Amino acid sequence: MPKAKGKGRRQKYSYNLNRKRLYRSARRRAAPRIACSHIRHAWDPTKSVAQNLAEMGLAEDPNKAVPIPKKLLVSGMEVESNGREQGNKIVRKPYVVNEMEYEASLPEKKSNTLSRDLIDYVRYMIQNHGENYKEMARDEKNYYQDTPKQIKRKINVYKNFYPDEYKDFIASLKQEKMDMQ
């Protein structure tokens, strides 16, 4: 059976097609990506970005929201003049700003944690070698071939991250030594 004519040939590139316009129209239709959950829940897709932000009490352009005052010197006195008068904007969704301010005022959680492997490594080194870092560097469990200074740094990090756990560990080591004697 014969092939369909013209299908085997490569198609020509159309130089007259405006691909930028096609790309822009596809981008315009897509909804904006909003990172903040408070804004995402209060967003109205039927309104523009400027209208949505104005209803929430947020600024679209920070330069227009807080203009830099121009100071004029008039007979030795400083006079501030604003280029624009601030219009009374109605904030219909003030809860968005209130929730964002509350979330920003919460204290940040400290997430200082070490891997379980590193903790076990440090405990093993202290248990078998005490404070002798050169001996720790020659130990067979020193897989990464850390230098004495690197091992000392790892032990100090462990001390800083888990001070109570470190004190308890040292106390238990002293107790074991006393029991052996």
Side-chain angles (χ1 to χ4, degrees), residues 3-123 144 150 153-169:
K3 287 186 180 179
K5 198 170 190 179
K7 289 292 179 184
R9 272 188 274 138
R10 188 174 158 265
Q11 288 187 351
K12 288 186 178 179
Y13 181 79
S14 176
Y15 289 97
N16 296 330
L17 185 63
N18 186 354
R19 286 173 180 77
K20 284 185 181 177
R21 201 170 115 227
L22 290 172
Y23 177 71
R24 268 194 221 127
S25 64
R27 287 282 307 231
R28 211 176 289 139
R29 278 184 249 125
R33 290 186 179 171
I34 302 168
C36 180
S37 64
H38 307 298
I39 296 173
R40 190 180 310 119
H41 293 300
W43 195 267
D44 186 4
T46 60
K47 297 181 180 174
S48 70
V49 173
Q51 290 171 339
N52 270 309
L53 291 176
E55 279 186 356
M56 292 178 214
L58 301 173
E60 180 186 17
D61 185 7
N63 295 324
K64 291 179 183 174
V66 184
I68 299 172
K70 294 179 182 175
K71 294 184 179 182
L72 302 173
L73 289 174
V74 179
S75 66
M77 293 174 53
E78 288 186 5
V79 179
E80 290 187 14
S81 69
N82 289 342
R84 303 178 203 100
E85 287 290 321
Q86 292 285 339
N88 291 339
K89 296 180 181 175
I90 299 170
V91 180
R92 295 185 181 155
K93 300 175 184 175
Y95 60 89
V96 174
V97 175
N98 295 338
E99 289 171 355
M100 290 172 66
E101 285 177 350
Y102 172 74
E103 199 173 286
S105 68
L106 292 174
E108 189 176 328
K109 282 186 176 179
K110 288 186 178 179
S111 61
N112 294 340
T113 58
L114 296 176
S115 68
R116 191 74 236 163
D117 293 337
L118 183 63
I119 293 170
D120 293 340
Y121 172 76
V122 168
R123 286 177 149 227
Y144 297 111
Q150 288 172 326
R153 201 174 305 125
K154 285 181 181 181
I155 291 172
N156 286 335
V157 167
Y158 175 69
K159 285 179 187 178
N160 293 334
F161 280 19
Y162 304 103
D164 299 330
E165 192 176 312
Y166 177 76
K167 287 176 187 173
D168 294 340
F169 178 64

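Computed from heavy atoms alone, side chains included, the values below leave out hydrogens, waters and symmetry copies. Values in this document were obtained by computation on a predicted structure and should not be read as measured data.
- The distance from atom CZ of R92 to atom CD of E55, rounded to the nearest 0.5 Å, is 5.0 Å.
- The closest side-chain heavy-atom distance from W43 to L53 is below 4.5 Å.
- When I155, L114, N156 are each tested for a side-chain contact (heavy atoms from CB on, under 4.5 Å) with V122, only one passes: I155.
- The shortest distance between side-chain heavy atoms of E165 and R123 falls below 4.5 Å.
- Taking the six-membered ring where the residue is Trp, Y15 and Y13 present perpendicular rings, their angle passing 60° and hence far from 30°.
- Side-chain atoms of M100 and I39, non-hydrogen and from C-beta on, do get closer than 4.5 Å to each other.
- Between the CD atom in E60 and the CD atom in Q51 there is a gap of 10.0 Å [rounded to 0.5 Å].
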Contacts table for residues 101-108: side-chain donor-acceptor under 3.5 angstrom, sequence neighbours left out:
| unit_1 | atom_1 | unit_2 | atom_2 | d |
| --- | --- | --- | --- | --- |
| E103 | OE1 | H38 | NE2 | 2.8 |
| S105 | OG | Y102 | O | 2.7 |

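- Pairing each heavy atom of V96 with each of A42, the nearest pair is CG2-CB, 3.5 Å.
- Rounded to the nearest 0.5 Å, atoms CD1 (I119) and OH (Y166) are 14.0 Å apart.
- With hydrogens and angles left out, the side-chain atoms of S14 and N16 include no donor and acceptor closer than 3.5 Å.
- Nearest heavy-atom pair across N160 and P163 is O-CD, 3.6 Å.
- You'll find the side chain of L118 stays beyond 4.5 Å of the side chain of Y158, heavy atoms only.
- For the atom pair OG of S37 and CD of E99, the computed distance is 8.0 Å after rounding to the nearest 0.5 Å.
- Counting heavy-atom neighbours within 6.0 Å of R40 CZ, excluding the residue itself, gives a total above 12.
- Smallest separation of non-hydrogen atoms from D44 and N52: O-ND2, 2.9 Å.
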